[in-house]
Amino acid sequence: MNQYDVIVIGSGPAGQKAAVQAAKANKRVALIESDRVLGGACVHRGTIPSKTLRQNALRIAGLRHHAELFSFVLRSDMEMAALIDNMNQVISAHDDYINRQIQRNKITRIHGRAQFIDAHTLEVAQPGGDIVPMRADYFVICTGSVPRQVSSIEVDHENIYDSDSILSMVYLPQSLTVLGGGVIASEYASIFASLGVRVTMIDRYPRPLGFLDAALTDKFVSAFEAEGGRFIGEANIERVYWDGVSQVVTQLADGTRFRSEKLLAATGRVANVKGLEIENAGLSLNERGVIEVDAHCRTAVPHIYAAGDVIGPPSLASASMEQGRRASCAALGIDLGEMASMIPAGIYAIPELSTVGLSEAQVIEQYGSALVGVAPFEEIARGQISGIQDGLLRMVADPEGKKLLGVQIVGEGATENIHIGQMALLAGMDIDTFVENIFNFPTLAEAYRVAALDIVGQRR
Amino acid sequence: MQADVDSRLETELQQQIEQGRIELPLLPQIASQVLQLANDDDSDAAQLAKLIQSDQALAGHVLRVANSAAYSPTIQLASLQQAVARLGMQNVTEIALAACLGPKQFPVSGYEKEVSELWQHALFAAAWSREIARTVRQNVEQSFLSGLLFQLGKPVVLQAVIQLAQQNSDLKLERSQLQVLIDAYQAAAGLLLVQQWDLPAVVADTIRYIDATSIPSSAAVVEVVRVGRLFADAQQQDNLQVENITQEPCVVSLNLYPEDIHALLDKQQTIAESVKVLSL
């Protein structure tokens with residue numbers, strides 16, 4: 001029997017950090033991963049590949065623009081080959097990095113599918129058929145999430161994809177239906193639209209990314225439609241199927257049908273516990289379909305912790321990394337205090353969106369009203385220079401326009417520039433700080449000052 | 001003397017391949033057009049039906065397969081348009097390609113059985129590669145095509161060797177020697193054929209790397225086809241069992257677990273039936 005101090009199940013962002021943290025505390029650590037490469041869905045099917053695809057899509061859009069300027073023609077078959085080749089290189093580099101980190105920290109890597117036998121014992125089934133029994137003082141479950149399966153959507157990974165298989169396409173379809181209005185659906189819909197695919201986005205809610213203020217989602221939808229995309233909201237899906245000829249049919253409850261060459265079902269992700277037999281360890285999924293944990297990522301079983309997508313929202317790689325680290329610390333009695341609650345959200349659509357702090361709707365709910373300052377990028381010199389005119393920055397303040405409560409950005413660089421607002425919020429800076437201090441010119445960050453001045457101008 | 005005979009034959013074969021003198025069958029124009037249509041984003045079912053209709057033999061064959069129990073258990077299809085509408089472009093394209101690229105393309109008198117077996121194996125490899133790709137979330141369409149065509153060099157070498165033996169009466173050839181030559185030179189011949197037929201790059205990659213020690217990340221489909229080949233070998237030997245497959249290096253490398261293999265083997269019968277139909 002292989003005995004460890006800590007066994008971490010899953011090598012995504014949460015699992016990596018959990019394992020490394022435990023190793024740095026001089027514990028004997030095993031990291032179990034069912035895939036043949038480390039990194040989890042984040043590295044191999046999700047975050048890294050989709051952001052790389054997005055970046056390549058932007059490069060190609062830029063090349064196309066310059067092709068017009070210099071009168072040369074891009075090869076029509078260049079696009080997908082270039083997109084995919086670079087993506088594999090990025091994934092490979094990331095895989096190398098994780099491997100080196102695991103080796104450097106003397107973490108034992110076990111390749112296989114784990115299954116709880118009881119609260120202290122696992123069996124790991126390996127691809128060759130071997131079974132490895134393992135025991136530990138502590139476990140950290142970081143098995144991530146998988147696409148939600150919906151019975152009315154016949155995913156075949158050939159014509160109808162989910163978010164784990166969409167990037168197995170090797171050519172751009174002429175048309176693509178994207179089901180869902182969340183982050184993954186919005187990102188892929190806008191990326192493929194920017195690549196010239198005719199994209200139809202269908203969701204049951206009236207607008208995509210409903211957790212954001214309407215001003216942002218309006219901008220997103222407007223940019224999406226400018227690329228030829230269309231968003232169909234308040235639509236209930238009755239059935240999705242391949243017609244056996246050449247098209248995927250999306251049938252709505254009201255009888256409307258949409259046809260497309262391919263379809264992406266991005267209707268949410270659920271905790272990945274298939275085969276883990278958590279019941280044998282005394283655990284179960286809660287009513288939201290995730291493993292319930294306390295503020296220290298501890299489950300109902302005192303020596304078993306869980307972190308990352310498997311415990312539910314925010315389901316961000318950034319938060320997962322910190323959760324994994326904290327889970328190991330909590331298990332080993334290392335006190336870190338409370339986890340940061342102000343986590344920025346980044347949506348890597350085209351255009352980018354990012355938000356931190358309270359939304360306008362939340363401020364109105366808490367304070368009765370809000371003052372909002374807006375800086376359209378077309379009014380920012382750097383926006384004009386860089387060709388990033390289709391964006392804006394919003395600062396949300398209290399009704400007096402003094403206290404900064406939230407920041408939202410749409411446009412390239414949103415996920416970078418949001419951190420200025422995040423730091424300001426954490427430091428308790430007020431709106432006037434942005435007015436009284438000097439920003440580099442020309443920069444997109446100047447938008448903070450412009451938005452702050454807008455708020456000052458609205459004060460009574 | 002026999003050793004001299006062998007080496008002379010092999011030397012001549014090698015030179016033919018290296019100098020590009022090996023006789024390569026011409027891709028029937030119709031097959032080239034079918035492939036083009038299949039790869040053309042703007043094509044549609046009506047165009048495919050019209051194209052197939054232009055070749056009498058192909059039209060007859062497609063209708064015959066389309067009307068088989070596997071594809072149309074309940075109705076008789078009366079026209080190509082109906083066949084395409086009912087079966088879909090993907091199925092009809094596969095039927096048409098199987099007809100164009102099958103054994104009739106490689107007439108080798110006295111070796112019809114060998115050619116037919118090679119083609120059967122290719123169909124099994126293609127069908128399994130498709131299902132394996134689906135399981136591991138790799139591209140399904142490319143996997144099928146690569147599985148179908150990665151051994152295209154085998155009948156080419158077979159034809160070339162038989163012709164050499166026939167043209168030089170003092171060159172004696174044993175059937176066992178034939179297999180050795182096919183195995184040794186099929187990849188090189190296959191790559192020449194891929195180039196002449198202007199087949200997709202993924203097919204060339206599969207031929208190039210199918211037995212290589214390392215595979216570039218851009219040729220991920222090769223790993224799928226390796227396992228597809230393994231399944232095809234086992235099925236033809238009536239030996240397709242989990243315990244025989246689980247520990248094979250290519251299976252482990254593709255990260256297939258015993259439960260994945262069980263799920264794949266559940267499709268054994270369906271695959272056997274589809275191959276039987278495509279072999280008509």
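All values derive from a computational prediction rather than experimental measurement. These numbers come from the heavy atoms of this one structure, side chains and all, not from hydrogens, waters or symmetry mates. Residue numbers start from 1 in every chain, and the chains themselves are labelled A, B, ... in the order their sequence lines are given, proteins ahead of strands.
With a 4.5 angstrom heavy-atom cutoff, B:Leu254 touches chain A via backbone and side-chain atoms both. Contact annotation for B:Glu259: only side-chain heavy atoms (C-beta onward) come within less than 4.5 Å of a heavy atom of chain A. For A:Arg113, the parts sitting under 4.5 Å from any heavy atom of chain B are the backbone and the side chain alike.
Between the side chains of B:Arg134 and A:His157, not a single donor N or O lies within less than 3.5 Å of an accepting N or O.
A distance of 13.0 Å separates CG in A:Leu167 from CZ in B:Arg137, rounded to the nearest 0.5 Å. Expressed to the nearest 0.5 Å, how far CD of B:Glu131 lies from CD of A:Glu158 amounts to 8.0 Å.
Ranked by heavy-atom pairs shorter than 4.5 Å toward chain B, the options A:Asp164, A:Asp130, A:Asp156 are led by A:Asp156.
Looking at A:Gln126 and B:Val252, their side chains never come closer than 4.5 Å, going by heavy atoms from C-beta outward.
A salt bridge is defined here as a Lys NZ or Arg NE, NH1 or NH2 lying under 4.0 Å from an Asp or Glu carboxylate O, and A:Arg36 with B:Glu223 meets this definition.
The closest donor-acceptor contact from the side chain of B:Asn255 to the backbone of A:Pro127 lies at 3.5 Å or more, if one exists at all.
Counting heavy atoms of neighbouring residues, nucleotides and ligands inside a 6.0 Å radius, atom CD of A:Gln149 does not exceed 12 of them. Enclosure of atom CD in B:Gln241 by more than 12 non-hydrogen atoms of other residues, nucleotides or ligands within 6.0 angstrom is indicated. Residue B:Asp238 places its CG atom among 12 or fewer non-hydrogen atoms of other residues, nucleotides or ligands, all under 6.0 Å distant.
Closest non-hydrogen pair, A:Glu33 versus B:Tyr257, comes out as O-OH, 4.5 Å. Closest approach of B:Pro258 to A:Gly129, counting heavy atoms only: CG-CA, 4.0 Å.
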